[in-house]
Amino acid sequence: MSVQQENRFQAIISHAKEYGFVFPSSEIYDGLSAVYDYGPNGSELKKNIRDYWWKSMTQMHENIVGIDAAIFMHPTIWKASGHVDNFSDPMIDNKDSKKRYRVDHLIEAHAEKLAMEGKKEEEYALLKTMDELLAKEDYAGLKQLIEDNKITCSVSETSNWTDIRQFNLMFSTQIGAVAGEAETIYLRPETAQGIFVNFLNVQKTARLKIPFGIAQVGKAFRNEIVARQFIFRMREFEQMEMQFFIRPGTQKEWYEFWKEERLKWHLSLGIPKEKYQYHPHTKLAHYADAALDIEYEFPIGFKEVEGIHSRTDFDLSSHQKYSGKKLTYFDNEINQHYVPYVIETSIGLDRMFLLILSHSYDEEIITKEDGSKDSRVVMHIPEKLAPIKLAVLPLVKKDGLPEIARSIIAGCKPYFKCFYEEKDAIGKRYRRQDAIGTPFCVTVDHQTKEDNTVTLRYRDSMEQERIHIDAIKDKLLLRLLF
RNA sequence: GCGGAAGUAGCUCAUCCGGUAGAGCAUCAGUUUCCCAAACUGAAGGCGGCGGGUUCAAGUCCCGUCUUCCGCUCCA
């Protein structure tokens with residue numbers, strides 16, 4: 001990351017705090033690592049992003065419906081999804097190189113080396129022992145196995161290892177009021193499973209025919225090893241997911257469809273195409289037969305903001321197996337029962353929020369009428385998403401101008417978020433609205449009293465036009481329309 | 001978790017060789033002001049991250065601890 005980019009990222013973080021977008025969690029207690037709170041402007045912006053996504057999914061697609069599943073779910077769900085087995089990895093550190101390894105990766109790498117040397121029996125024996133020890137969660141035994149095989153770190157080439165420690169992706173808690181009788185359950189690490197386990201409930205009650213989608217927005221929790229980079233990687237975060245259920249064999253075309261469709265959604269906000277790129281996965285997760293990330297060029301480089309995954313029938317089949325309940329769909333067109341395939345679109349709401357901040361934040365140098373230079377900090381937030389849509393400002397706080405301004409607010413606030421301010425000079429008030437991304441300001445002056453017209457000032461161009469008071473609401477609504 | 005850097009007002013930062021903490025911007029109240037951070041008056045805001053040590057005296061030196069940032073390790 002260049003110094004310039006780093007400074008820009010720092011400036012965005014400071015700005016986010018100063019103007020009530022994002023605060024560090026528990027700040028008066030020194031903060032809580034990788035957890036953040038959204039302030040007044042932040043919660044509005046976040047809600048607007050969420051609404052825009054929700055509408056684009058459930059309102060603009062006739063065959064997509066929404067649900068709101070609980071964060072708590074039956075613990076067996078995480079066995080079926082693979083999270084219990086795949087994401088609770090024992091880790092070990094080399095004391096000399098300070099490198100950290102997943103124990104299974106370390107041993108598997110050694111086994112591969114044995115195979116290359118033609119020692120097939122030793123390879124099998126090693127892997128078999130490892131699997132047994134992993135199943136028993138015998139960490140002392142695993143460490144012994146590493147030492148007995150003289151497995152070394154590829155960097156330091158020593159076998160000076162720490163003890164093995166467990167890394168758990170999922171947060172656990174207890175359900176049930178009586179200690180002892182309580183059962184361990186997990187805070188969901190993804191929202192998708194709430195959709196899968198409700199697949200038949202939703203399909204039947206909403207009378208949906210394949211292909212159809214189920215959308216959901218909600219919190220998820222992951223115990224990341226390294227959680228950092230502001231709100232980009234948090235331990236508690238919000239996902240906007242849509243699982244699209246399709247006939248087996250059609251996954252390739254639907255994967256392509258959603259890949260295009262989702263990028264269009266991003267571009268519909270007016271964010272430049274060249275800031276985006278697709279990043280196909282070469283190493284696929286245990287449930288996918290194709291996957292890619294939609295990456296955005298943040299100030300910290302190109303990073304994933306959204307994932308498109310072809311999840312096959314892995315999840316539904318797995319839940320069918322673990323629950324013993326049939327999760328098939330009868331397809332009238334081909335007269336067949338089958339377990340549907342799934343294409344997932346999954347976007348991080350917090351990452352999208354950071355994307356909007358990164359896209360919007362701008363320190364402009366402007367030339368004033370007298371030729372002198374001036375600067376302004378302006379957030380070019382897409383108009384639809386701005387926390388406040390309209391600021392109404394009496395030019396002076398007397399002569400009845402505030403009263404007119406108040407009446408404009410009264411007429412507009414049922415339709416979009418408005419803000420009234422009479423303090424300070426008009427230029428200062430404009431700049432304050434620029435700093436939080438308010439796209440429109442209306443100023444009431446003495447002429448207003450004569451002909452009921454006001455000045456409408458645009459955030460991005462700083463241009464002004466004179467319009468009639470009665471035209472304000474409709475003019476803005478037209479621009480703010482979905 | 002390891003290595004490096006840093007924690008002083010809401011933000012950005014000063015405070016020289018240890019001597020009871022300051023600026024700009026922002027905020028609040030008021031005066032003035034007819035369109036782009038105007039001016040003036042006043043106010044509020046700090047246990048110098050926290051704990052300990054050295055010293056007559058610590059924001060400043062030492063130790064610990066917490067937090068943040070950068071790099072590495074992991075990442076569905």
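No experiment lies behind these values; they were computed from the predicted model shown. Naming: A, B, ... by sequence-line order, numbering from 1 per chain.
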Indicate the ring-plane relationship of A:W254 and A:F244, choosing parallel, tilted or perpendicular according to the 30° and 60° boundaries.
tilted

Determine the Euclidean distance between corresponding C1' atoms of B:A21 and B:A39; express it in Å to zero decimal places.
29 Å

Rounding to an integer number of angstrom, what distance separates B:U68 and B:C11 when you compare their P atoms?
15 Å

Take atom P in B:G22 and the same atom in B:U15, then report the distance between them in whole Å.
15 Å

Any A:R432 side-chain N or O less than 4.0 Å from OP1/OP2 of B:U27
yes

Please list all pairs passing the salt bridge (charged side-chain N to carboxylate O under 4.0 Å, His left out) test where one or both residues lie in residues 434-447 of chain A, with sequence neighbours left out.
A:R376-A:D434, A:D434-A:R457, A:D445-A:R466

To the nearest angstrom, the CD1-C1' distance between A:I300 and B:C69 comes to 12 Å

Do A:H319 and A:Q193 have a side chain donor and acceptor closer than 3.5 Å?
yes

Chi-angle category of B:C17 [syn within 90° of 0, anti beyond]
syn

Assess whether atom NZ of A:K321 is packed by more than 12 heavy atoms of other residues, nucleotides or ligands within 6.0 Å.
no

Assuming nearest nucleotide by heavy-atom distance, tell me which of A:V454 and A:R311 is located more 5' along RNA chain B.
A:V454

Let me know the distance between CZ of A:R431 and P of B:C35, rounded to the nearest Å.
15 Å

Closest to the A:K397 side chain, choosing from B:U33, B:C35, B:A37
B:U33

Heavy atoms under 4.0 Å, any strand shown: does A:Q464 hit a base, just sugar-phosphate, or nothing?
base

Sequence-distant partners of A:E422, salt bridge (charged side-chain N to carboxylate O under 4.0 Å, His left out), two or more places apart:
none

Round to the nearest Å and state the distance from A:L395 atom CG to B:U32 atom P.
15 Å

Whole angstroms only, please: what is the CZ-C1' distance between A:F237 and B:C75?
11 Å

Residues passing the ring pair (Phe, Tyr, Trp, His ring centres under 6.0 Å) test with A:F314, sequence neighbours excluded, are A:H286

Distance in angstrom units between A:K303 NZ and B:C75 C1', rounded
11 Å

For B:C28 and B:G10, measure between their P atoms and round to the nearest Å.
15 Å

Would you list the atom pairs, donor with acceptor, under 3.5 Å between side chains in residues 398-409 of chain A and any protein atom, with sequence neighbours excluded?
| residue | atom | partner | partner atom | Å |
| --- | --- | --- | --- | --- |
| A:D399 | OD2 | A:H446 | NE2 | 2.9 |
| A:S407 | OG | A:I404 | O | 2.7 |

B:G18 to B:C62 separation - P atoms, rounded to the nearest Å:
11 Å

Any donor-acceptor pair, under 3.5 Å, between the side chain of A:R233 and the base of B:C75, if you only look at N and O atoms?
yes

Of A:K449 and A:H281, the one whose nearest nucleotide on RNA chain B sits closer to the 5' end is A:K449

Look at all strands and tell whether A:F21 reaches a base, only sugar-phosphate, or nothing, counting heavy atoms closer than 4.0 Å.
nothing

Write out a two-atom table: protein N or O, nucleotide N or O from nucleotides 39-44 of chain B, distance below 3.5 Å.
none

Both distances under 3.5 Å, Watson-Crick or G-U wobble: on that basis, could you give the dot-bracket string for RNA chain B, with [ ] for crossing pairs and | for other-strand partners?
(((((((..((((.....[..)))).(((((.......))))).....(((((..]....))))))))))))....

Can you tell me how far C1' in B:U60 sits from the matching atom in B:G19, rounded to whole Å?
11 Å

Atom-to-atom span, CE of A:M379 to C1' of B:A37 - whole angstrom:
17 Å

Applying side-chain contact (heavy atoms from CB on, under 4.5 Å), can you list everything that pairs with A:V377, at least two apart in sequence or on another chain?
A:H15, A:Y361, A:E363

With heavy atoms under 4.0 Å as the rule, sort A:K398 into base, sugar-phosphate or nothing.
sugar-phosphate

Mark yes when over 12 heavy atoms from residues, nucleotides or ligands other than A:Y186 sit less than 6.0 Å from its OH; otherwise mark no.
no

Using the side chain to side chain donor-acceptor pair (under 3.5 Å) criterion, which residues pair with A:W265? Sequence neighbours excluded.
A:S56

Spacing of the C1' atoms in B:A5 and B:A37 (rounded, Å):
34 Å

Please tabulate, one pair per line, all N/O donor-acceptor pairs under 3.5 Å involving side-chain atoms of residues 69-79 of chain A, not counting sequence neighbours.
| residue | atom | partner | partner atom | Å |
| --- | --- | --- | --- | --- |
| A:H74 | ND1 | A:T76 | N | 3.1 |
| A:H74 | ND1 | A:T76 | OG1 | 3.1 |

If I take atom CZ in residue A:R222 and atom C1' in nucleotide B:C74, what distance separates them, rounded to the nearest angstrom?
13 Å

Look at the rings of A:Y36 and A:F230 and say which category their plane angle falls in: under 30° parallel, 30 to 60° tilted, over 60° perpendicular.
perpendicular

Test side-chain contact (heavy atoms from CB on, under 4.5 Å) applied to A:P387 - qualifying residues, sequence neighbours left out:
A:F21, A:N41, A:E44, A:L45, A:I381

If you look at every strand shown and take non-hydrogen atoms under 4.0 Å, does A:H15 touch a base, only sugar-phosphate, or nothing?
nothing

Got a list of protein N/O to nucleotides 11-14 of chain B N/O distances below 3.5 Å?
| residue | atom | partner | partner atom | Å |
| --- | --- | --- | --- | --- |
| B:C11 | OP1 | A:K17 | NZ | 2.5 |
| B:C11 | O4' | A:E18 | OE1 | 3.4 |
| B:U12 | OP1 | A:S14 | OG | 3.0 |

Whole Å only: how far is the CZ atom of A:R235 from the C1' atom of B:C75?
13 Å

Which residues share a side-chain contact (heavy atoms from CB on, under 4.5 Å) with A:S14, sequence neighbours left out:
none

On the side chain of A:R457, is there an atom forming a donor-acceptor pair with the base of B:C35 - under 3.5 Å, no angle test?
no

Distance between the C1' atoms of B:A6 and B:C50, in whole angstroms?
16 Å

